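Note that the coordinates shown come from a computational prediction; the quantities given were computed from them, not determined experimentally. Keep in mind that the numbers below use all heavy atoms, side chains included, and drop hydrogens, waters and symmetry copies.
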Protein chains: 2
Amino acid sequence: MNGAKRGASRATTIIDIAKVAGVSKSTVSLVLKDSPLVKPGTRQRVNQAIEQLGYVYNRSAASLRTSKSSFVGMVISDLMNPFFAELAVGIEDELNDFGFVPILANTNENVDRQARVLQSLLEHGVAGVIMSPANGTDAWTLAATLPRSLPVVLTMRRVEGSPLPYVGPDNRTGACRAVRHLIGLGHRRIAFIGGFGTMTTQSERLSGYFDALQEAGLQRDETLIFDAAPTRNGGMDAAARALAHSGRPTAAFCFNDIVAIGVTRAIALRGLRVGADIAVIGFDDVVGAEHNLPPLTTVSADTRLMGARAARGLLGLIEGADPATASFTGETRLVIRESCGAQQETIGGTT
Amino acid sequence: MNGAKRGASRATTIIDIAKVAGVSKSTVSLVLKDSPLVKPGTRQRVNQAIEQLGYVYNRSAASLRTSKSSFVGMVISDLMNPFFAELAVGIEDELNDFGFVPILANTNENVDRQARVLQSLLEHGVAGVIMSPANGTDAWTLAATLPRSLPVVLTMRRVEGSPLPYVGPDNRTGACRAVRHLIGLGHRRIAFIGGFGTMTTQSERLSGYFDALQEAGLQRDETLIFDAAPTRNGGMDAAARALAHSGRPTAAFCFNDIVAIGVTRAIALRGLRVGADIAVIGFDDVVGAEHNLPPLTTVSADTRLMGARAARGLLGLIEGADPATASFTGETRLVIRESCGAQQETIGGTT
DNA sequence: CTGAAAGCGCTTACAG
DNA sequence: CTGAAAGCGCTTACAG
C-alpha cells in the first residue's frame, strides 16, 4: 500500500476551528466559501481561529461531498520534446487561473501506458482529461477506456475516427503556406520529409503540401515523399535518401523543425549549402524559438496559446458546454530566422 | 465555484456492486484490496459485478477514510527549460512505478506563484512535495509555508539555509572536473561565465572552479568571473565582456550548456574559432543530448536519474524514513561531443 | 470467511 | 444569521 498521512497526527478540521471560534461547523464552512450569510464579527472570529490553528482546507473531503473535482488529467505523449513541454506549460498556466490543477502523465508514446494512466486518472477522480494521444492510439480502444460522460479534449494530434474535440495547429493551411513560400522562391521539385502515414498530423500536413502544389499547377510526385521518424536522425536519414534521388529535389518541406534540423545537417555534411543549393522549411518552431539555434525557416502556430485553448475548451466542457465549442485550430505564421544572431523576422498571415 | 461532477449521474459505488454480487460492501472492499480473507468463489462474483457495472474505484474517498494520499506535488521552476522537463520526466516515471501521481505546478521562477501553488498543493492533500525551488526562494518563508510534517525534497537547487533533503548533481566536483580538463589542455586563464551569486548552484560550481585552480597552483582572478543570466543571450553578453578583457581568457567554463552555446556563438561572431582560439566547456548536457546540436564539451550528470532519485527519496520520507537518507548527489562525467555528426565520446569518471 | 456500524472532513438543505 | 442532521464513497475493527 502506498500513501501517506496528511500531516503528522490528526489534521485540524473545521470542527476544531468551530470550537475555538465558538460557532458551529456549518458557519465555518460558510465563511470558507465567503458566504454573505455570515455576520462580519463572526467571520472575523472564525478567520482568527483559522489563522491561529494553521488550518488547511481539505479539498478532497469537500470534493467527495459535492462530487466536484478540481483535478484535470494532463496526458502528454512526450514531455522530453520541447514542443510538448511548451504545450504542458500553456495548459498548466490556464488551468491554474481557473482553480484547477493538472495531474501529469507522460506516456512516452506508449499506448499501453496511456491506457493505464487513463484508468488511474479516472480513479483519482479527474473532472476531465486533456491529452496529446500517443502515436498509434486507436479510437475504439480509447472510447472503451473513457466513460462517455468524461470531458476530454485531444490536442496536437487527432485520433482517426474519434469525434472528440481537438485543439491544435492548422496543419493543412500551415503546410500549404510553407510550400507556397518555397514555390514562390522558384522551387518546382519539393520533397516532403518526415513523419509516417499512420500519423494524422502527417496526412494533414501532406494535404496542405498537395494543396500548394495543385494551386501552382505542379504535378504531385509520390517519390518525393519520404517517411521518417520525426527526429533529427530521422531527418538525416530521409535527407540522405532524398539527395540520392535521381531527380533530386531543390527544396524540402519538413514534418517539423527537428526533422528540418536533421535535414539541414545532412545537406551540410554533403558539402551543399542550405538555401543556395537546397531550401529547407520546417513546421513548428520550438527548438529555434527557445534556443534560437539554427537559422531556419518554419511555419508555426503558438504552442503555448494552443495549450491554453485546450484547457479553456476542457473547462467549458466540464461546465456543460457543447463539445463543438471546445475545438480550436491555431493559426500558423511563416517565421524566417535569417542568421545565427538574434534577429528574426516574422511574416504574418491570417489563415 | 469550479469543479465538475464525476460522471454524468451518480457514480456506481461498492454498494451497487455488493448488491449485484449478493455480498456486503465490506466484502467488496476486501476483494478490491486483494485480501486473502475472501473465498475464491465470492471474489469471482464480485469481480464479475465490477466488470459488468463498469465500476471505477474512488481513490479520493478511500484516501479520506485512511488519510493516505497518493498525490505528490511536483513543483518545477521552469518547465520550458529542457533540463527541468527531463527532470520532470524522471520524477513522473518513478512516481508512477510506485502508484503515486504527480500534480504539476510550473512556477516559472516566480516565488509568489510558488507560494500560492504550495498552498494549493496542501489543500489538495499531497503526501509530499518535490520541488526545484524558484530563484530567490527564501528558506524562512519556505519553512513558514510548509507544515513541518510534510515530506519535501529539494532538487537541482538548494535553498540556502534550509535543511531540507537535496537531490542534484555534484556541482562542486563536476565543475572541478571540467576546469581540470581545461587546465590539462594547457589553459591558464580560464573564465567562469554565467549564473548569479545569489544562486546556490553558481556558488557550488564556482567552488569547484576554484578547487581546480588551486589544485594546479593557479592564481584565482575575480575579474575572470562573469555573472550572467543562465540563457543563451546571457552567455553571449558575458562572452562579449570576457573577450574585451585586457587579459583575455583562453578558455571558458560555462554555468550551463545553454550559456555555453551563447558563448560559442559570440566567439564565432567575432571570427575566432572555438577550441583553437578559445576553449569552451559547459555544465549539463541537455540541449546537446536531446538535439545533438552544437559540438560541445560538457560535464554533466544524468538528469533523469536524479529525478528518479528525488522521487524515491520522497517516497522514503513518506514511509517515514530518516530525512538524511533522501539526499543524493549525482555523479558527473565529462562528455566530449566532437563534431556535428552523431559520434560522441564519453570519458567516464567516478566522482 | 462475511456483515453491521462508525467515521474520514466536508456541504447542504432545513429549521430555528 | 446560525445549528443539528444527513450523507458523499470508502475502510476497518468487531462480532458472528
Side-chain angles (χ1 to χ4, degrees), chain A residues 1-7 9-19 21-46 49-50 53-71 122-125 127, chain B residues 1-7 9-19 21-46 49-50 53-71 122-125 127:
Chain A
M1 283 284 91
N2 55 54
K5 298 225 166 199
R6 238 186 194 253
S9 41
R10 213 175 71 293
T12 93
T13 75
I14 54 171
I15 296 195
D16 301 317
I17 88 119
K19 265 186 212 131
V23 298
S24 81
K25 62 178 182 152
S26 318
T27 306
V28 175
S29 182
L30 289 177
V31 326
L32 283 178
K33 51 176 37 174
D34 265 325
S35 163
L37 298 181
V38 49
K39 201 157 42 177
T42 315
R43 173 187 308 282
Q44 200 185 335
R45 267 183 302 137
V46 169
I50 285 178
L53 300 190
Y55 167 75
V56 20
Y57 183 62
N58 185 336
R59 206 169 282 281
S60 307
S63 184
L64 174 58
R65 180 60 235 254
T66 61
S67 10
K68 284 181 202 304
S69 162
S70 53
F71 290 116
L122 291 177
E123 294 189 357
H124 281 95
Chain B
M1 282 285 88
N2 54 55
K5 300 224 168 203
R6 237 185 195 253
S9 41
R10 213 176 71 294
T12 92
T13 75
I14 53 172
I15 297 194
D16 300 319
I17 88 118
K19 265 186 210 128
V23 297
S24 81
K25 61 177 182 151
S26 317
T27 306
V28 176
S29 182
L30 289 178
V31 327
L32 284 177
K33 50 176 36 176
D34 265 326
S35 163
L37 298 182
V38 47
K39 198 156 44 176
T42 315
R43 172 188 309 281
Q44 198 185 338
R45 267 182 303 137
V46 169
I50 286 178
L53 300 190
Y55 167 75
V56 21
Y57 183 60
N58 185 335
R59 207 169 283 279
S60 308
S63 184
L64 173 59
R65 180 60 235 254
T66 61
S67 11
K68 285 180 201 303
S69 162
S70 52
F71 291 116
L122 291 178
E123 294 188 356
H124 281 95

* Find the distance B:Ile14:CD1 to D:dG7:P and express it as a whole number of Å. => 16 Å
* Structure fact -> To the nearest 0.5 Å, atom CZ of A:Phe71 lies from atom CZ of A:Arg59 at 9.0 Å
* Structure fact -> Whole-Å distance, B:Leu30 CG to D:dC10 P, equals 14 Å
* To do: State whether the side chain of B:Arg45 and the backbone N or O of B:Ala21 hold a donor-acceptor pair below 3.5 Å, judged by distance alone.
  => yes
* Asked: Counting just side-chain N and O atoms, does B:Ser29 come under 4.0 Å of either OP1 or OP2 of D:dC10?
  -> no
* Structure fact -> Rounded to whole Å, the CG-P distance (A:Leu64 to D:dG9) equals 7 Å
* To do: Compare side-chain N and O positions of B:Lys68 against OP1 and OP2 of C:dC8 and report whether any pair is under 4.0 Å apart.
  => no
* Structure fact -> Encoded 5' to 3' (Watson-Crick or G-U under 3.5 Å; [ ] crossing; | other strand), DNA chain D becomes |||.||||||||.|||
* Please assess B:Asp34 against B:Arg43 for the test side-chain contact (heavy atoms from CB on, under 4.5 Å), listing each intermediate value before the final yes or no. => CA-CA 9 Å; B:Asp34 265 326; B:Arg43 172 188 309 281; 3.5 Å; yes
* Any A:Thr13 side-chain nitrogen or oxygen under 4.0 Å from OP1 or OP2 of C:dG9 -> no
* Asked: To the side chain of B:Ala62, which of C:dG3, C:dC10, D:dC10 is closest?
  -> D:dC10
* With heavy atoms under 4.0 Å as the rule, sort A:Ser26 into base, sugar-phosphate or nothing. => base
* Measure from CZ on A:Arg43 to C1' on D:dT2 and round the result to the nearest Å. => 13 Å
* Structure fact -> Here the distance between atom P of D:dG9 and atom NZ of B:Lys25, to the nearest Å, is 10 Å
* Asked: Got a second to check how far B:Lys25's NZ is from B:Leu32's CG, nearest 0.5 Å?
  -> 12.5 Å
* Over how many whole Å does the gap from B:Arg65 atom CZ to D:dC10 atom P extend? -> 13 Å
* B:Thr42 side chain near C:dT2 phosphate (N/O to OP1/OP2, under 4.0 Å) -> yes
* Value rounded to 0.5 Å, distance of CG in B:Asn58 from OG in B:Ser63 -> 9.5 Å
* Is the distance from OP1 or OP2 of D:dC10 to the nearest side-chain N or O of B:Thr66 less than 4.0 Å? -> no
* Asked: Separation of A:Ile17 atom CD1 from C:dG9 atom P, in whole Å?
  -> 14 Å
* Between the side chains of A:Ser69 and A:His124, does any donor sit under 3.5 Å from an acceptor? -> no
* For atom CD1 of A:Ile15 and atom P of C:dC10, their distance in whole Å -> 8 Å
* Asked: Rounded to the nearest 0.5 Å, what separation is found between the CG atom of A:Leu53 and the OG1 atom of A:Thr13?
  -> 9.5 Å
